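Side chains are part of it too, since the values below use all heavy atoms of this structure and drop only hydrogens, waters and symmetry mates. What you see is a predicted model; the values in this text were computed from it and never measured.
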Protein chains: 2
Amino acid sequence: MFSSIDPRSPVPLYEQIAACVRVAVASGELAAGEALPSVRGLARELRINPATVVQAYRDLAADGFVEMRHGQGTFVQEVSPLLRREERAVQARELIRRLLEDAARRGIGVDDLSRAFQVETGVEIRE
Amino acid sequence: MFSSIDPRSPVPLYEQIAACVRVAVASGELAAGEALPSVRGLARELRINPATVVQAYRDLAADGFVEMRHGQGTFVQEVSPLLRREERAVQARELIRRLLEDAARRGIGVDDLSRAFQVETGVEIRE
DNA sequence: ATCGGTGTATCGGTCCTATAATACACTGAA
DNA sequence: TTCAGTGTATTATAGGACCGATACACCGAT
């Protein structure tokens, strides 16, 4: 599940770890209620510091993906597909807002973005 | 033109300055061929270091927005609307690629993004 | 009660970025 | 030539992000 972790990558280790967990949950490899690897266990397996794993798990917990139970472990959160879908929508809107800000700062308009979106994803757009 | 510059903002000063110039050019407040404020002059006006202004101007020069002439000043570049439009398109695609990476890392799909785009901008989307 | 598992909290070091400071080099007009 | 203006280059400082080390606190089985 964590085979793609690369300490030399420019993206932070804790983000890589969190990403692995997210895709594992999305793909069903990690079912709701199931326990994640322990902080120490994963740290030993990846030969990194426990605190780094903690940071990844805390991010996931902040997003409601997992729950950390002191003394017990970290578990995939039970949420209805509807709620999870809503959560994704919220985050997607946040990403789009940031995109629009960045673009505006460079004088790039919504029409430029929608065209680029179409080119990169194949999703067609109309006004 | 630089009234919105805020040293306490989390976005770097040089980006704020570059953004101001870009919108000034886009709005026509700064015509092609016209000179920008000198590095020292703007630095004094904003009470910041000249090197910070330089970094902003260099970014703009790298994007082809302005031309820095040693000993003379920094001038808004003459470019055809067509070329400028192409440049915007390139940057827009770059922004979209980054958006897609960020989203994938969080398990957010293209469909989530296109819906969010629609919500935030009012632009309708179809597959 | 104890012990081996778990997460929690705090500190310090390293690296990178943004910004500043300062000295340098070019241009055009007097 | 000289000088006041301009951009250029190099080095130094402050701050933050990332990661590691280490000590602490909780839980459940024995």
Side-chain angles (χ1 to χ4, degrees), chain A residues 2 4-21 30 33-77 98 101-102 105-106, chain B residues 2 4-21 30 33-77 98 101-102 105-106:
Chain A
F2 296 101
S4 62
I5 302 290
D6 175 17
R8 287 162 316 187
S9 159
V11 338
L13 279 174
Y14 76 95
E15 271 193 28
Q16 294 183 50
I17 295 169
C20 285
V21 172
L30 221 50
E34 206 168 341
L36 269 58
S38 80
V39 166
R40 281 173 185 71
L42 183 54
R44 200 169 44 239
E45 180 186 333
L46 299 178
R47 315 205 172 198
I48 61 177
N49 196 275
T52 302
V53 178
V54 167
Q55 191 172 358
Y57 284 11
R58 298 224 321 166
D59 275 21
L60 292 165
D63 289 352
F65 267 79
V66 304
E67 182 189 3
M68 307 182 82
R69 297 189 203 134
H70 199 161
Q72 298 184 73
T74 304
F75 302 84
V76 176
Q77 193 67 285
R98 288 225 300 266
E101 275 180 30
D102 280 9
R105 214 179 295 155
R106 306 175 188 221
Chain B
F2 296 100
S4 63
I5 302 291
D6 175 17
R8 288 162 317 187
S9 161
V11 338
L13 280 173
Y14 75 94
E15 272 193 28
Q16 295 183 49
I17 295 169
C20 286
V21 173
L30 223 49
E34 205 168 341
L36 269 57
S38 80
V39 166
R40 281 173 184 73
L42 183 54
R44 200 169 42 241
E45 180 185 333
L46 300 178
R47 317 210 172 196
I48 62 179
N49 197 276
T52 302
V53 178
V54 167
Q55 190 172 357
Y57 284 10
R58 298 225 318 167
D59 276 22
L60 291 166
D63 289 352
F65 267 79
V66 303
E67 182 188 3
M68 306 181 82
R69 297 190 203 133
H70 198 162
Q72 299 184 74
T74 304
F75 301 84
V76 177
Q77 192 68 285
R98 288 227 300 267
E101 276 180 29
D102 280 8
R105 213 179 297 157
R106 306 174 188 220

Whole-Å gap separating [atom2] ([N]) and [atom1] ([X]):
{"X": "B:Glu67", "N": "C:dT27", "atom1": "CD", "atom2": "P", "answer": "13 Å"}
{"X": "B:Gln72", "N": "D:dT6", "atom1": "CD", "atom2": "C1'", "answer": "8 Å"}
{"X": "B:His70", "N": "C:dC26", "atom1": "NE2", "atom2": "C1'", "answer": "4 Å"}

Would you indicate which nucleotide in [options] comes nearest to any side-chain atom of [X]?
{"X": "B:Pro12", "options": "C:dG7, D:dC19, C:dT19", "result": "C:dT19"}
{"X": "B:Leu13", "options": "C:dT19, C:dC26, D:dG20", "result": "C:dT19"}
{"X": "A:Met68", "options": "C:dT8, D:dG7, D:dC19", "result": "C:dT8"}

How many angstroms lie between CD1 in A:Ile48 and CG in A:Leu42, if you round to the nearest 0.5 Å?
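Going from CD1 on A:Ile48 over to CG on A:Leu42, the span is 6.0 Å.
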
Check each residue of residues 33-45 of chain A for a non-hydrogen atom within less than 4.0 Å of any atom in DNA chain D, then write out the ones that pass by number, or none.
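Contacts with DNA chain D under 4.0 Å: A:Arg40.
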
Which residues in residues 50-57 of chain A have at least one heavy atom lying under 4.0 Å from any atom of DNA chain D?
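Contacting residues: A:Ala51, A:Thr52.
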
With a 4.0 Å cutoff (strictly under), does any side-chain N or O of A:Tyr14 reach OP1 or OP2 of D:dC19?
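It does not, given that no N or O in the side chain of A:Tyr14 lies less than 4.0 Å from OP1 or OP2 of D:dC19.
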
Taking only the side-chain nitrogens and oxygens of B:Asn49, find out if one of them lies under 4.0 Å from OP1 or OP2 of C:dT19.
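So the side-chain polar atoms of B:Asn49 never come under 4.0 Å of the phosphate oxygens OP1 or OP2 of C:dT19.
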
Where each residue is assigned the nucleotide of DNA chain C containing its nearest heavy atom, which of A:Gly73 and A:Arg58 is assigned the position nearer the 5′ end?
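Closest to the 5' end, via its nearest nucleotide, is A:Gly73.
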
Just by modelled atom types, is the B:Ala61 backbone N or O under 3.5 Å from a matching donor or acceptor in the B:Glu67 side chain?
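Pair absent, no side-chain N/O of B:Glu67 close to backbone of B:Ala61.
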
